[in-house]
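Everything numeric in this text was worked out from a predicted model, so none of it was measured.
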Amino acid sequence: MDKKASIDNIYRLEGRVPFSKAVPFGLQHILAMFVANIAPIIIVAGASGLDASQSAGLIQSAMVIAGIGTLIQLFPLWRIGSGLPIVMGISFTFVSVFCYIGPVYGYNAIVGAVLVGGIIEGVLGLFARYWTKLIAPIVAASVVTAIGFSLLSVGAASFGGGNGNDGFGSAANWILGTITLLCCLLFNILAKSYWKQLSVLFGLAVGYVVALCMGMIDFSALKSASVVALPSILPFKPEFNIDAIIAVVLIFLVSATETIGDTSALATSGLNRKAATKEISGSLTCDGFISALSALFGCLPITSFSQNVGLVAMTKVVNRLTIATGAIIMMLAGIFPIFGTLLATLPDAVLGGCTIMMFGTIVVSGLRMISSCGYSQRNITIVALSLSIGIGFTQVPEIFAIFPRIVQNVFAQNCVATVFLVAVILNLILPKNMEVKK
């Protein structure tokens, strides 16, 4: 490890970076995922009938838990954590199933199911070396590619102003998103040395100022935000409903496949090597056990954020201490709610302008992984069929209408889960040599 602090260490996993230089890179990671971290809470809380004060408490807990989870991923405790520059946040994967469980069984049943599901995923992670052999490199490559494609619509929705926004697709949002995107590109082209890697932060800053001038930032929430507050432990008493637990455990398995894909993509794009089994195991274990901890704070499951994998792929900034500054900023945003409320005023169109290219970078990372596996007839069949079924069928979710509700919740709108299942099955049943004999 480099004893001397140097800005060049941002491209190395280990090494010290001057604090004044580390903060903007860490802040860039947090701004890239901040809105996506609190959005699932807002959606599920609304569907479950929680009031504004309860939702605010959960948002506060989400930021603290995301910071804790990121620090443990960066600096593992025992076998919990990967040691890779993975940023954690509240998972979007569970939103559809929670929007079903919440109104039917209540938010307490969600908390109980997350507690059980998190422990199960954590235990599975500890024994990952025994079952991840089923996930061949071509399967992981297919999943990473699917993650990238699934995020493209998320970036586009943000660019348009955010789902549910009355002004979605308006000229104002188009202007704001385009200005932000152009600022990111121009800064990346014109900046020198390590400054290039701050293109996303520059785009966010310029976009925010432009949005302010256009009157598109709402500061009303700052009036009711407290300056300092600590998250509550067990604000909701867990209830253990067997139907809710089964449904949520299934989604935890889907989330695990995304985590494997994210970890593989990060190692490939950021470190130019394959992820070790130990790193995948630690990443899954962290996902599970920190999700269980999240439930104790009344919060939703936590997982690796693909947005930040895309940011690493684009900037090549992998230094653990640098990204740890971002985790600390996130925790401060939870402890000082007024700070988090200010960050939450960032308009969706600004975020979309920055993330649209990041998500495309994940697609490219997946394609690079496919290329490294080789274009044998067997690999082509696995990738082509898993992506066409996974992405194609989920574009037409009505095709799953004959299946039970639980199957629809898992697969109908989650292309990553479908791609993973099809790829694993094909990898198991296809003959090892499918080449045409000349």
Side-chain angles (χ1 to χ4, degrees), residues 24 26-43 45-46 52 55-56 58-60 62-63 66 87 89-90 92 95 151-188 198-225 305-308 310-311 314 326 329-330 332-334 336-361:
L27 182 61
Q28 181 172 247
H29 266 281
I30 297 313
L31 290 174
M33 56 80 73
F34 190 86
V35 174
N37 184 48
I38 62 177
I41 292 282
I42 296 169
I43 296 168
S55 298
L58 293 180
I59 289 171
Q60 181 189 355
M63 291 185 282
V87 176
I90 302 300
F92 252 109
V95 168
L151 286 171
L152 294 181
S153 60
V154 176
S158 294
F159 194 98
N163 287 323
N165 189 321
D166 292 336
F168 185 82
S170 66
N173 283 318
W174 267 97
I175 292 168
L176 195 54
T178 303
I179 290 173
T180 305
L181 176 58
L182 288 175
C183 286
C184 288
L185 286 172
L186 288 173
F187 190 86
N188 191 266
L198 287 174
S199 59
V200 172
L201 184 61
F202 178 77
L204 288 169
V206 174
Y208 193 90
V209 172
V210 172
L212 193 61
C213 296
M214 294 173 68
M216 295 178 65
I217 297 179
D218 182 11
F219 290 111
S220 59
L222 290 172
K223 297 176 183 177
S224 58
F305 254 43
S306 300
Q307 287 94 321
N308 298 85
L311 187 56
M314 197 167 81
I329 291 170
M330 181 65 83
L332 290 174
F336 299 95
I338 194 167
F339 179 49
T341 306
L342 183 63
L343 290 177
T345 61
L346 184 71
D348 276 304
V350 174
L351 194 67
C354 290
T355 56
I356 195 75
M357 188 165 70
M358 283 163 36
F359 296 159
T361 307

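Inter-residue side-chain proximity for Met330 and Val87 is flagged as unmet; no heavy-atom pair is nearer than 4.5 Å.
Nearest heavy atom pair, residue Ala211 against residue Pro347, reads CB-CG, 3.7 Å. Heavy-atom minimum distance, Asn37 versus Gly89: OD1-CA, 3.3 Å. What you find for Met216 and Ala172 is that their closest heavy atoms are SD-CB, 3.9 Å. Pairing each heavy atom of Gly155 with each of Ile356, the nearest pair is C-CD1, 3.8 Å. Closest heavy-atom contact between Leu176 and Gly207: CD1-O, 3.4 Å. Pairing each heavy atom of Gly203 with each of Cys184, the nearest pair is CA-SG, 3.7 Å.
Here the straight-line distance linking atom SG of Cys183 with atom CG of Asn188 works out to 12.5 Å at 0.5 Å rounding. A distance of 10.5 Å separates CZ of Phe202 from OG1 of Thr180, quoted to the nearest 0.5 Å. From Leu351, atom CG reaches atom CG of Leu204 across 6.5 Å, with rounding to the nearest 0.5 Å. Atoms CG and CD, on Leu198 and Gln28 in that order, are 5.5 Å from each other to the nearest 0.5 Å. One finds the CD1 atom of Ile329 at 5.0 Å from the CG atom of Leu27 (value rounded to the nearest 0.5 Å). Note that CZ of Phe187 and CG of Leu201 are 8.5 Å apart. Values are rounded to the nearest 0.5 Å.
With sequence neighbours excluded, the residues that form a side-chain hydrogen bond (donor to acceptor under 3.5 Å, both in side chains) with Ser170 are Asn173. Scanning for ring pair (Phe, Tyr, Trp, His ring centres under 6.0 Å) contacts around Phe159 gives Trp174, with sequence neighbours left out.
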